Amino acid sequence: MPNYNPRAVEPKWQQYWETRKTFRCPDPDAPEVAGKPKIYILDMFPYPSGAGLHVGHPEGYTATDILARFRRMRGYHVMHPIGWDAFGLPAEQYAIKNNVHPRITTQANITNFRRQIKSLGFSYDWDREVDTTDPEYVKWTQWIFLELYDTWYDHAAKKGRSISELPIPAEVASQGEAAVAKYRDSKRLAFQANNPVNWCPGLGTVLANEEVIDGKSEVGGFPVERRPLRQWILRITEYAERLLDDLEPLDWSESIKTMQKNWIGKSIGAEVEFRISGRDACVMVFTTRPDTLYGATYMVLSPEHPLLEGITTPEQKAAVTAYQEAASRKSDFERTEMAKTKTGVFTGAFAVNPVNGKDIPIWIADYVLAGYGTGAIMAVPGHDERDFEFAKQFGLPIQVVVTPTPEWLKKTKSTTDDLKVAYCEEGVACNSGPLDGLPTAEAKEKIIADLQAKGLGTRKVNYKLRDWLFSRQRYWGEPFPILHEVDAEGNRTGVIEPLTAADLPLRLPELEDFKPTGSPEGPLVKAQDWVKVTRNGKTYQRETNTMPQWAGSCWYYLRYLDPKNPNAFCDPAKVKHWLPVDLYVGGAEHAVLHLLYSRFWHKVLFDRGHVPCPEPFHRLVNQGLILGETEWTGFARTQTTEAAARNFVDVTGDEWLSAKDVSFDGSSATTKGKNPAALSLVKLPEDQVEKQGESFVLKAKPDIRVDARAFKMSKSRGNVVNPDTVVNQYGADSLRLYEMFMGPLEAMKPWNMRGVEGVYRFLSRVWRLIIDDTAETPTLHPSVQDVPPDAETLKLLHKAIKKVTEDTEGLRFNTGIAAMMEFTNHLTAKVEVRPLSTLKTFVLLLAPYAPHVAEEFWEVLGNSNTLAYEPWPVYDESLVREDEIELPVQINGKVKAKLLVPADADAATLEKMALADPKVLEQLAGKPVRKVIAKPRQMVSIVI
RNA sequence: GCCGGAGUGGCGGAAUGGCAGACGCGGUGGACUCAAAAUCCACUAUCUGUAAUGGAUGUGUGGGUUCAAGUCCCUCCUCCGGCACCA
């Protein structure tokens with residue numbers, strides 16, 4: 001084997017690791033791990049799609065694998081598992097289209113993903129592989145659901161407790177068993193409700209709020225409408241405060257924490273009671289600005305508000321009903337589309353402003369949401385943008401109760417009597433009776449105290465977070481372990497019977513046809529034999545909804561720790577040893593959904609005593625998106641083929657349009673202006689464009705600007721890079737190295753095949769340093785000899801150890817690789833006889849990054865065992881230190897000379913040396929020195 | 001609109017407030033070769049000057065702090081991500 005050939009090296013070591021179970025992770029009680037510190041390094045497990053792996057997957061997986069291998073060599077007991085998030089819509093959509101059972105496609109996809117992942121040489125413990133669709137896994141997903149079902153939230157204790165410990169109020173208890181059961185059901189964390197939900201006809205299922213983007217389904221982009229349906233819901237809102245508070249100490253990026261905070265959306269304010277004028281009824285409103293209560297000139301209820309029925313005057317009835325109907329018919333999409341102008345209708349009723357006794361009109365409008373706060377607001381048009389807009393629209397009075405600053409009035413061209421926009425900032429209260437002169441914060445405190453004293457209001461906290469809609473009308477998901485009792489006529493009685501742990505797993509029934517029914521029952525209703533259950537003489541129907549895809553991924557990090565346990569989701573001793581996850585790496589697309597849901601489940605499990613810590617993931621890192629190769633796009637007026645376009649470049653004429661005159665969204669382009677005309681996109685080869693100033697232009701026609709960007713990889717654009725291709729051409733080690741060398745892990749970066757070639761060349765260079773390329777089989781190069789390294793090589797080696805160690809630890813893999821390249825360049829260029837010991841150390845540094853070829857080197861260097869558990873090299877501080885260093889000398893802030901000085905020279909010495917330097921003297925030209933700043937080991941700065 | 005993050009050579013990127021551009025790609029020249037590929041060596045921010053260990057400019061824009069700013073502060077611009085009637 002003369003040359004570096006990854007296709008020979010890589011399968012050899014993959015097989016070695018597999019047959020010897022090199023990366024088997026022993027359980028905590030195994031003697032060989034006694035005394036070793038633990039580290040749990042977790043990847044977000046993939047959804048095995050039919051398209052196979054793309055190069056984005058191995059980015060995070062390589063990062064964690066490097067760290068896992070590195071920590072093993074540093075003596076850690078490393079947990080590094082992988083599995084499959086295999087339930088979900090895509091498999092089912094595919095199954096419907098091609099009439100194949102989702103289990104078959106799912107298994108085929110898993111097989112392909114496993115092959116691809118194994119071909120990249122990740123050091124997973126394959127004995128711990130989990131698959132969320134495996135009945136033995138589903139069993140415990142269902143078990144956790146039952147645990148949620150069995151839990152209520154005790155606000156006094158601030159924790160979830162067993163439903164058996166729920167105190168039953170005497171008046172409920174006195175009404176008998178059925179009332180008690182109903183009361184319990186109303187407190188469970190998993191409950192059923194008949195609420196308006198996001199129904200997606202295109203997918204035939206309901207979706208969680210989080211799965212709806214701009215009124216369309218996140219998967220498939222189908223329109224979504226509001227419909228009231230019976231659904232399973234998880235009371236995540238009970239945990240809102242803890243989900244928010246516990247975020248603080250986590251080692252997560254600020255942006256993800258902020259996204260979660262915003263999603264939870266805590267706001268502090270007050271709830272205020274408004275009496276309905278002339279009636280014995282009240283409306284509660286929530287406000288974050290109780291200090292503006294004197295400025296409340298009208299009220300708005302949401303169209304769904306229950307009080308409307310009672311308060312609407314006969315004259316307004318028709319208008320109100322019509323508005324309600326229109327609002328209910330509107331899909332979310334239409335609601336956002338129509339949001340440009342405010343709509344609403346007067347109810348005819350008036351409320352009394354509790355602070356000044358004034359009658360204010362009550363309106364309904366769909367800008368007030370039924371699901372937030374109390375579904376009703378006091379409108380303060382002077383100090384709220386939305387209320388201001390509405391008041392302008394319908395000619396309602398605007399009252400200023402917070403004094404705007406003069407600058408603000410000037411900037412907005414307003415006066416206190418005539419606001420042009422709402423003044424939403426804080427300030428000093430005015431026109432507010434006893435609040436006058438108080439700054440906003442104090443005014444809030446005072447008004448809340450006053451209201452509280454009169455029993456008209458109270459301090460209140462609200463959250464944007466809604467309860468989690470947990471059922472889907474689909475086939476390919478976990479069935480609920482729930483039975484509905486039915487009476488003799490076959491109607492549900494409302495009594496619910498959960499399955500017991502012994503009944504689990506509840507498997508999916510076999511179906512011929514798993515198409516959605518379009519009804520809230522879902523396709524499982526077609527399996528009538530499965531649905532009908534008789535036990536203890538009673539008849540039941542199984543729940544025919546299934547759980548959403550998030551269910552399985554909520555707790556998979558727990559199952560890895562004890563994947564085969566038939567008696568528990570995980571042995572408590574193992575959970576205690578491994579949790580929390582020390583490092584969790586995955587895409588930022590899971591910033592809210594998966595991470596919020598699994599934190600919620602974890603907290604419930606924590607409250608119920610199943611896990612030892614309140615948070616599952618101590619450190620979270622999001623790898624950046626990998627884009628396709630940079631594309632240069634020119635815009636031509638005429639329709640043209642790409643081949644013709646090549647010649648087109650050389651053609652003079654005015655067919656080309658400059659990018660600055662074109663609006664381009666990435667897939668199609670038009671001319672700018674009133675009547676946009678479609679343009680033809682011409683993909684240009686790199687050598688036909690050049691940079692001119694800020695932008696790229698056609699080489700042949702430099703006045704034509706060209707669009708240069710890298711796009712997200714997508715099938716339709718045809719810029720997807722398949723890891724298989726890269727592995728075939730350059731090998732897994734090069735792929736791994738390139739993905740890490742591209743730039744910082746968290747940054748978004750474009751792919752470039754030539755970069756892969758660059759790291760391949762680096763590995764080939766190392767190969768030629770160590771291996772005799774004239775021999776038939778891998779043999780040590782004759783220049784490698786058992787001699788001590790020269791002083792310079794030794795120093796550079798220790799510097800490399802230091803840099804690679806620190807950068808690997810800090811996940812700065814790109815600069816770690818650069819350090820290895822630098823050291824290799826030194827060996828190649830400056831060293832004739834290559835010392836064996838130096839190469840051995842260097843190979844260990846390389847091992848976590850390019851493990852296959854490193855194992856091969858290790859073997860050729862005379863070792864018979866894997867290097868996976870070799871001790872990581874340690875650098876010698878005294879060798880890293882320089883004796884003599886070059887320091888710059890600045891004169892008035894500019895570097896004018898360089899000084900070769902002893903590394904430990906102090907400030908006084910440096911100053912003396914600098915002022916004696918001939919170059920410095922020349923620059924000073926006898927001018928007086930005003931000041932000298934000498935920083936040992938850094939620089940000398942002279943001011944004249 | 002609001003909240004995050006980022007703007008550095010032809011490209012990806014590097015730089016505890018202390019010599020901007022490490023490392024890689026690409027490019028130019030050379031060596032090897034009958035030739036090519038591969039490999040090796042040298043150069044490669046811009047302008048200027050080439051007598052050199054020369055000079056000037058330079059990290060999106062404009063200002064500021066400092067002996068010293070890519071790095072800290074303020075203004076604006078652009079790009080990416082998220083949220084978007086949440087009272």
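Here the structure is a predicted model, which means the values were calculated and not measured. Below, read A as the first sequence line, B as the second, and so on, with proteins coming before strands; counting in each chain starts at 1.
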Considering only side-chain heavy atoms of [X], which listed nucleotide, [options], is closest?
{"X": "A/Phe741", "options": "B/rA14, B/rG24, B/rC3", "answer": "B/rG24"}
{"X": "A/Thr287", "options": "B/rA20, B/rA87, B/rC25", "answer": "B/rA87"}
{"X": "A/Asn814", "options": "B/rC25, B/rA14, B/rG4", "answer": "B/rA14"}
{"X": "A/Thr815", "options": "B/rG12, B/rA15, B/rC11", "answer": "B/rA15"}
{"X": "A/Glu886", "options": "B/rC19, B/rC11, B/rA22", "answer": "B/rC19"}
{"X": "A/Phe286", "options": "B/rG12, B/rA87, B/rC41", "answer": "B/rA87"}
{"X": "A/Asn825", "options": "B/rC25, B/rC23, B/rG13", "answer": "B/rC23"}

(message) For Watson-Crick and G-U wobble pairs within 3.5 Å on both distances, what is RNA chain B written in dot-bracket notation, | included for inter-strand pairing?
(response) (((((((..(((.....[....)))((((((.......))))))((((.....))))..(.(((..]....))).))))))))....

(request) Classify the ring geometry between A/Trp468 and A/Tyr597 as parallel (under 30°), tilted (30 to 60°) or perpendicular (over 60°). (result) parallel

Regarding [X], tell me which of base, sugar-phosphate or nothing describes its non-hydrogen contacts under 4.0 Å with the strands shown.
{"X": "A/Asn462", "answer": "nothing"}
{"X": "A/Arg768", "answer": "sugar-phosphate"}
{"X": "A/Ser267", "answer": "sugar-phosphate"}
{"X": "A/Ala379", "answer": "nothing"}

How many Å lie between [atom1] on [X] and [atom2] on [N], as a whole number?
{"X": "A/Glu254", "N": "B/rC3", "atom1": "CD", "atom2": "C1'", "result": "12 Å"}
{"X": "A/Lys749", "N": "B/rC11", "atom1": "NZ", "atom2": "P", "result": "18 Å"}
{"X": "A/Gln260", "N": "B/rC3", "atom1": "CD", "atom2": "P", "result": "20 Å"}
{"X": "A/Leu763", "N": "B/rC25", "atom1": "CG", "atom2": "P", "result": "12 Å"}
{"X": "A/Arg765", "N": "B/rC41", "atom1": "CZ", "atom2": "C1'", "result": "11 Å"}
{"X": "A/Glu832", "N": "B/rC41", "atom1": "CD", "atom2": "P", "result": "12 Å"}
{"X": "A/Asn752", "N": "B/rC11", "atom1": "CG", "atom2": "C1'", "result": "7 Å"}
{"X": "A/Arg812", "N": "B/rC23", "atom1": "CZ", "atom2": "P", "result": "18 Å"}

For nucleotides [N] and [M], find the distance between their [atom1] atoms and express it as a whole number of Å.
{"N": "B/rA36", "M": "B/rA51", "atom1": "C1'", "value": "42 Å"}
{"N": "B/rC23", "M": "B/rG29", "atom1": "P", "value": "23 Å"}
{"N": "B/rG27", "M": "B/rG9", "atom1": "C1'", "value": "12 Å"}
{"N": "B/rA20", "M": "B/rU57", "atom1": "C1'", "value": "13 Å"}
{"N": "B/rC19", "M": "B/rG70", "atom1": "P", "value": "10 Å"}
{"N": "B/rG54", "M": "B/rC43", "atom1": "P", "value": "15 Å"}
{"N": "B/rC76", "M": "B/rG7", "atom1": "C1'", "value": "14 Å"}
{"N": "B/rU53", "M": "B/rU44", "atom1": "P", "value": "13 Å"}

(request) Enumerate the residues from residues 754-762 of chain A whose closest heavy atom to RNA chain B is under 4.0 Å, giving them by residue number; use none for an empty result. (result) A/Arg754, A/Gly758, A/Arg761

(request) Check whether the ring centres of A/Phe823 and A/Phe842 lie less than 6.0 Å apart, and answer yes or no. (result)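 Yes, ring centres under 6.0 Å apart.
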
(message) Is it the case that the ring center of A/Tyr298 lies less than 6.0 angstrom away from the ring center of A/Phe390?
(response) yes

(message) Less than 6.0 angstrom from the centroid, inside 45 degrees of the normal: does A/Lys266 satisfy that with respect to the ring of A/Tyr463?
(response)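 So A/Lys266 doesn't make the cation-pi contact.
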
(request) Using heavy atoms to find the nearest nucleotide of RNA chain B for A/Ser255 and A/Pro888 separately, return the residue whose nucleotide is more 5′. (result) A/Ser255

(request) Starting from the 5' end of RNA chain B, give me the residue, A/Lys803 or A/Ile817, whose nearest nucleotide shows up first. (result) A/Lys803

(request) Return the set of residues passing side chain to side chain contact (heavy atoms under 4.5 Å, CB included) with A/Ser764 (not counting sequence neighbours), or none when no residue passes. (result) A/Tyr4, A/Tyr760, A/Arg768

(request) Using side chain to side chain contact (heavy atoms under 4.5 Å, CB included) as the criterion, list what pairs up with A/Glu407, not counting sequence neighbours. (result)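 Counting only residues at least two positions away or on another chain, A/Glu407 forms a side chain to side chain contact (heavy atoms under 4.5 Å, CB included) with A/Thr405.
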
Apply side chain to side chain donor-acceptor pair (under 3.5 Å) to [X] and list each qualifying residue two or more places apart in sequence or on a separate chain.
{"X": "A/His781", "answer": "A/Ser783, A/Arg834"}
{"X": "A/Tyr849", "answer": "A/Thr808"}
{"X": "A/Glu690", "answer": "none"}
{"X": "A/Thr440", "answer": "none"}

What I want to find out is whether [X] reaches [Y] closely enough, with some N-O distance under 4.0 Å, to be called a salt bridge.
{"X": "A/Lys749", "Y": "A/Glu739", "result": "no"}
{"X": "A/Arg289", "Y": "A/Asp291", "result": "yes"}
{"X": "A/Glu686", "Y": "A/Arg754", "result": "yes"}

(request) Sequence neighbours left out, what passes salt bridge (charged side-chain N to carboxylate O under 4.0 Å, His left out) with A/Glu911? Give chain and number order. (result)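 For A/Glu911, no residue satisfies salt bridge (charged side-chain N to carboxylate O under 4.0 Å, His left out) once neighbours in sequence are set aside.
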
(request) Please list, chain by chain and in numerical order, all residues satisfying salt bridge (charged side-chain N to carboxylate O under 4.0 Å, His left out) with A/Glu589, sequence neighbours excluded. (result)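 With neighbours one apart ignored, the set is empty.
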
(message) We want to know whether A/Thr828 and A/Asn825 form a side-chain donor-acceptor pair, criterion being a heavy-atom distance below 3.5 angstrom.
(response) no

(message) For a quick check, with a 4.0 angstrom heavy-atom cut-off, what is the B/S/- contact string for nucleotides 73-83 of chain B, read 5' to 3'?
(response) -------S-SS

(message) Return a single string for nucleotides 46-68 of chain B, one symbol per nucleotide in 5' to 3' order, where B is base contact, S is sugar-phosphate-only contact and - is none, cutoff 4.0 angstrom on heavy atoms.
(response) ----------SS---------BS

(request) For atom CZ of A/Arg466, decide whether the heavy atoms of other residues, nucleotides or ligands shown that lie under 6.0 angstrom number more than 12. (result)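 Above 12, so yes.
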
(message) Quick check on B/rG62: syn or anti? Syn means the glycosidic torsion is within 90 degrees of zero.
(response) anti

(request) Check if the side chain of A/Lys261 and the base of B/rC3 share a donor-acceptor pair of N or O atoms closer than 3.5 Å. (result)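 Such a pair does not exist between side chain and base.
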
